[in-house]
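All values derive from a computational prediction rather than experimental measurement.
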Amino acid sequence: MMHTKNICLLGFSKQAELLIKNQLEQKCHEFDLIWVSANAKALDGIIINALFLDTPQIEKYVATVNAPCVSIYTQPSGRDIAQKHHMLTLPLEDKLNFSNDWLNKLLSLNQTALDTAHSDTASLSKEYSTLIESIKNRDAVYIQTSCDEKIAYLSPAEQSAYINFARSDIPGIENWRWKKIEQIPHPEAMRRINIDQWLFETLWQSQTETFSIDPAMFYKLIRWPQPFSQHRRSEALRLAAQIKFHPVKIEDLVEKTRFAPELIEQFLYATNQAGQIEVIEPTEETVLENKRIDTLKSDPDRETKKSFIGRLRSKLGL
């Protein structure tokens with residue numbers, strides 16, 4: 001099981017914060033560490049600059065907060081201050097030496113739990129067809145998906161996804177590992193997006209998968225996709241514009257955009273799975289309407305001329 005921990009840093013410079021965050025995330029890569037503010041509703045651990053432990057504000061905060069506190073000292077005097085307050089501490093160095101006692105206190109875990117969390121990551125599923133079906137069916141389940149330090153919690157019934165990273169950094173679906181969980185831990189501390197946006201983006205950003213789309217069908221836009229990443233964003237928006245007003249086949253999209261058929265198929269697959277397009281059977285009416293629209297686009301004056309001649313014939317009684 002992947003553990004989520006909401007951690008707060010107090011009293012550090014931006015440079016020191018970045019150093020601590022990067023090294024702690026590398027050390028505890030089995031966990032989803034979410035960096036929150038001191039007044040966050042859900043706090044699992046707090047790291048304080050030991051130099052500030054003597055200040056009235058920090059003393060009051062430590063006395064009232066319901067979360068374990070540890071410290072890091074940036075000057076030698078900070079170690080003495082931390083010892084006076086009976087708080088575990090370590091020096092701020094280019095290479096931080098996290099002791100097991102310090103980590104276990106911060107994360108409220110023992111070493112056995114750390115090892116168990118690490119081994120559980122191997123049990124996550126790589127099969128994403130079942131994941132997509134749960135999302136499409138709006139199953140009343142909660143799903144945790146993991147990709148390195150990136151975590152996305154999915155609630156298909158609520159049509160919501162909660163992520164601990166920038167939405168422009170959603171990786172391709174082949175990179176995720178997932179499993180069902182009983183509840184989403186601390187969703188208020190994460191970034192919420194619509195689940196169809198997450199699904200479209202993760203399918204659209206895939207680099208290794210192949211997606212099969214029926215070339216005989218027509219496709220029409222229902223709802224605009226919202227590509228978050230700049231990677232292939234213009235291609236997605238151009239393809240969406242081509243199928244906005246009337247149904248179009250893959251071969252028509254290839255002719256109009258000059259995009260590779262594989263790219264078009266991936267776009268149609270992603271938007272279809274996300275419920276953003278309609279798949280239409282090639283009936284005689286659909287085919288004729290599509291030909292009429294293509295004719296109008298190739299000769300925009302034709303319909304105007306035809307209407308004018310019709311009105312003229314009517315006036316002349318012909």
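Using a 4.5 Å cut-off on side-chain heavy atoms (C-beta onward), Asp44 and Phe31 make no contact. Residues Ser77 and Leu51 have side chains in contact (heavy-atom distance under 4.5 Å, counting atoms from C-beta outward). For the pair Glu201/Pro227, a side-chain contact is recorded, criterion being any heavy-atom separation below 4.5 Å from C-beta on. At a threshold of 4.5 Å between non-hydrogen side-chain atoms, the residues Ile58 and His85 do not count as touching. Looking only at side-chain heavy atoms (C-beta outward), Gln226 and Arg167 stay at 4.5 Å or farther from each other. Between Leu221 and Phe245 the shortest side-chain heavy-atom distance does not fall below 4.5 Å. Between Trp35 and Leu24 there is a side-chain heavy-atom pair separated by less than 4.5 Å. Using a 4.5 Å heavy-atom cutoff, the side chains of Tyr219 and Asp214 are in contact.
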Evaluate Asp32 against Tyr153 for side-chain contact (heavy atoms from CB on, under 4.5 Å), listing each step before the verdict. CA-CA 11 Å; Asp32 173 21; Tyr153 293 109; 3.9 Å; yes

Please report the C-alpha distance between Phe228 and Ile193 in whole Å, then the side-chain angles of each, then the deciding distance to 0.1 Å, and finally whether the side-chain contact (heavy atoms from CB on, under 4.5 Å) criterion is met. CA-CA 11 Å; Phe228 296 131; Ile193 59 175; 4.2 Å; yes

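A side-chain donor-acceptor contact under 3.5 Å links Asn164 to the backbone of Ile151. Judged by distance alone, the side chain of Gln266 and the main-chain N or O of Trp204 form a donor-acceptor pair under 3.5 Å. Side-chain atoms of Asn6 come within 3.5 Å of backbone N or O of Ala42 as a donor-acceptor pair.
The neighbour count for Glu255 CD, taken as heavy atoms of other residues, nucleotides or ligands under 6.0 Å away, does not exceed 12. In the displayed structure, Arg192 atom CZ is contacted under 6.0 Å by more than 12 heavy atoms of other residues, nucleotides or ligands. Around CD of Glu93, the count of heavy atoms belonging to other residues, nucleotides or ligands within 6.0 Å exceeds 12.
The NZ atom of Lys105 lies 15.5 Å from the CG atom of Asn100; values are rounded to the nearest 0.5 Å. Between atom OG of residue Ser206 and atom OH of residue Tyr269 there is a gap of 10.0 Å, rounded to the nearest 0.5 Å. Separating the OG1 atom in Thr271 from the CD1 atom in Ile277 is a distance of 3.5 Å, to the nearest 0.5 Å. Expressed to the nearest 0.5 Å, how far CD1 of Ile135 lies from CD of Gln159 amounts to 9.0 Å. Atoms CG and CD1, on Leu9 and Ile47 in that order, are 5.0 Å from each other to the nearest 0.5 Å. Summarising the geometry, atom CG belonging to Leu106 is positioned 8.0 Å from atom CG belonging to Leu33; distances are rounded to the nearest 0.5 Å.
Checked by atom type, the side-chain pair Ser37/Asn39 shows a donor-acceptor distance below 3.5 Å.
Under a cutoff of 6.0 Å and an axis angle of 45°, Arg238 and Phe259 form a cation-pi pair.
Residue Leu268 is tested with Leu239, Leu253, Val279 for a side chain to side chain contact (heavy atoms under 4.5 Å, CB included); the sole match is Leu253.
Listed here is the closest heavy atom pair of Leu43 and Ala38: CD1-O, 3.6 Å.
Hydrophobic clustering of Ile, Leu, Val, Met, Phe, Trp and Tyr side chains at less than 4.5 Å, counting indirect connections, keeps Ile222 apart from Val248. Transitive grouping of hydrophobic side chains (ILVMFWY, heavy atoms separated by less than 4.5 Å) keeps Leu92 and Leu18 in distinct clusters. Using a 4.5 Å cut-off between side-chain heavy atoms of Ile, Leu, Val, Met, Phe, Trp and Tyr, with links allowed through other members, Ile7 and Tyr73 fall into different hydrophobic clusters.
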